[in-house]
Number of protein chains: 2
Amino acid sequence: MVTIKEIAEMAQVSRSTVSRVLNDSGYVSEEAREKVEQVIEETGYVPSQYAKSLRTKRTKVIGVILPTIQTETPSRIVTGLGKELEEHGYQILLANTNHDKEKELEYLDLLKVRQVDGIVLIATNTAPNLIEKIKELPIPVVMIGQEAENVMYVSYNDYDAARTLTSLFIQKGHKKIGFIGVDESDKAVGILRKQGYYDEMQAHGLPVEENWVQKAVFNIDSGYDAMKKIHTSEGVLPSAVFAVTDRLAIGAMSYLKQEGLRIPEDVAVAGIGASEISQYIHPKLTTIDYQNEKAGEEAAKQLLSCIHSKKVKEKMILDYRLIERDSV
Amino acid sequence: MVTIKEIAEMAQVSRSTVSRVLNDSGYVSEEAREKVEQVIEETGYVPSQYAKSLRTKRTKVIGVILPTIQTETPSRIVTGLGKELEEHGYQILLANTNHDKEKELEYLDLLKVRQVDGIVLIATNTAPNLIEKIKELPIPVVMIGQEAENVMYVSYNDYDAARTLTSLFIQKGHKKIGFIGVDESDKAVGILRKQGYYDEMQAHGLPVEENWVQKAVFNIDSGYDAMKKIHTSEGVLPSAVFAVTDRLAIGAMSYLKQEGLRIPEDVAVAGIGASEISQYIHPKLTTIDYQNEKAGEEAAKQLLSCIHSKKVKEKMILDYRLIERDSV
DNA sequence: CTGTTAGCGCATTCAT
DNA sequence: ATGAATGCGCTAACAG
């Protein structure tokens, strides 16, 4: 492998001079620069990143921890991150936990060892030990999707989004509205969205029956099962169901259609996430767009600012957009 | 930051000894080992990866170049890669081209500069300059999804899969079968799948009308448009349509349903890819599963074997599985 | 404007 | 079994 030393010898200058043209730093005569550049061109020399990092303590690598890469939300976020980071010469080091919360912690350590310049955590929970670890870390960390004290984050307006959607149902004349949520360990999706639903119902003096509110996990089948439970439970059936994700909504619709129920005439359905498929299923799903790519971009910006120790606004809550289609 | 030198001092041994316990290499007395381990424990010391890399020339990082992370195929591959690599202490450095073929080449260089130990290229084409560059690279590269001479790859059996699917239509009594394909720059999807379709048709003495064969790009709307062209073209209409991806098939179905055509009674549809949504749309889509995760795992295995310079079988063609559902 | 010098943190001979 | 010495490839004072 060709090194800076050899380039220096071939160009008949010192290593420092080569380094200077490489980094555009300090003074270097036009003559010397041309000579060096020519030699670099000829040899196809590329500087060693790890030697460089050893000196500068910067790797230009950002670690990204995510629960899965197989659903749209994290994929879009990573795309956004990638776009923004690439422009600044940063790369992404991927750490996929496959929904294993233990690994979230492990990766936080591992990425430190890997000496990344910063970390983006696509968060699914805000467990105290996780937040503790983030604060202890000597490198900047930005969370996406969850909020926590004294931590940088980019999050969505889950509470208002849930109220907006519930409000839409009410506006369309629905009074009996069901809810398919997820576990409360996920504060953003499990608590905030549910709270928005409850509060909006209450604000309109609408009752919520226990049977209408089901807990699911993050997959389509689980949405199906939850809808089934709501449908087969005793008592009054809701005329509308709010699922906290599009996939859950799709599962619910799948059940309803199978039972011969019409959407939205018999039961209206809405989700959150603006998944690509939501506009191709029948009926087209009413949902909320969260601007995931933008979340990624903003998180990257925050992180880079922090790395370059500019002043940063530590938190950011993104706006959302209601997409009214045919399922409500 | 605490370094090996400080650990040595605190443990009252030499740096070499610390290095030995760190890497389990050479002799070190039980006494010394314990002392060192204790100090490491106390200080929370972690060795600097880049200093280590500078010495060993190994980074334990694999670069992954992909066209997008927003569709299921690459996502699944990356998941498979991640699982296998993680077990061996390797990490993934992500390079997203966003379908820009120029960037494929750029990233190949960039990853070299980043001194990754190997590269996985989720390939969309086999342009000569791309293949040339791969061969020139001093680090091992495994392609996924495309085949080429003198390059390591893991690919799918596109040709046979296409014949199988076409054969299924024929078996169900269809004689007029349409085809929605993609550009031939993508050899695997654009050429092989089409060839399989043509050959199977010919083997049964079935004619193919020009209007039945449409070219699309990789998105749902394009499948819709292609189906529309087939439907609105002059001449005899096919009773079945083979789309080369599930998303294209979904687009085609979307058009057919909108036109009030029944699937599969009026027009049967099949795709390739076994996308998650394929089993939740109506009717459930007949498709082919390509084992993308396994492709990722196998590519990782190949790469690691190559890095550790064991002998490798340079190429691997994965098997596929027909999933018969309700759309045919 | 340029070269000399001195490490960055680690693994690896080579002596002892 | 251990330590001293060396250098991986690079950047950054500093002196000229």
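Proteins get letters first, then strands, A, B, ... in listed order; numbering begins at 1 in each.
- Gln302(B) places a side-chain heavy atom less than 4.5 Å from the side chain of Val154(B).
- The footprint of chain B on DNA chain D, defined by a heavy-atom cutoff below 4.0 Å, extends from dA1(D) to dG9(D).
- Taking the side chain as every heavy atom from C-beta outward, Tyr90(A) and Ile307(A) approach each other to under 4.5 Å.
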Could you go through nucleotides 1-5 of chain C and list every protein N or O atom that sits under 3.5 Å from one of its N or O atoms, giving the distance for each pair?
residue	atom	partner	partner atom	Å
dT2(C)	OP1	Ser29(A)	OG	2.4
dT2(C)	OP2	Ser29(A)	N	2.5
dT2(C)	OP2	Ser29(A)	OG	3.4
dG3(C)	OP2	Ser14(A)	N	2.9
dG3(C)	OP2	Ser14(A)	OG	3.2
dG3(C)	OP2	Thr17(A)	OG1	2.7
dG3(C)	O6	Arg20(A)	NH2	2.4
dT4(C)	O4	Ser16(A)	OG	2.7

Begin with the C-alpha distance, continue with both residues' side-chain angles, and end with the deciding distance and a verdict on side chain to side chain donor-acceptor pair (under 3.5 Å) for Gln115(B) and Ser53(B). CA-CA 9 Å; Gln115(B) 343 267 169; Ser53(B) 293; over 6 Å; no

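- The residue among Ser25(A) and Leu54(B) whose nearest nucleotide of DNA chain D lies closer to the 5′ end is Leu54(B).
- Rounded to whole Å, the distance from CG on Asn23(B) to P on dT12(C) is 7 Å.
- Closest approach of Arg114(A) and Gly89(B) over heavy atoms only: NH2-O, 3.0 Å.
- DNA chain D lies under 4.0 Å from at least one heavy atom of each of the following residues of residues 36-50 of chain A: Tyr45(A), Pro47(A), Ser48(A).
- Note on the helix from dC1(C)-dG16(D) to dT16(C)-dA1(D): terminal axis deviation equals 40°, with five pairs used at each end and the result rounded to 10°.
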Please report, to 0.1 Å, the donor-acceptor pairs under 3.5 Å made by any side chain of residues 102-113 of chain A, with sequence neighbours excluded.
residue	atom	partner	partner atom	Å
Lys103(A)	NZ	Glu86(B)	OE1	3.2
Lys103(A)	NZ	Glu86(B)	OE2	3.4
Glu104(A)	OE1	Asn125(A)	ND2	3.0
Tyr107(A)	OH	Glu86(B)	OE2	3.4
Asp109(A)	OD2	Lys133(A)	NZ	3.4

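- With sequence neighbours excluded, no residue satisfies ring-ring contact (aromatic ring centres under 6.0 Å, His included) with Tyr50(A).
- Note on Thr3(B): every side-chain N or O is 4.0 Å or more away from OP1 and OP2 of dG9(C).
- Rounded to an integer number of Å, the gap from Arg55(A) CZ to dC10(C) P is 15 Å.
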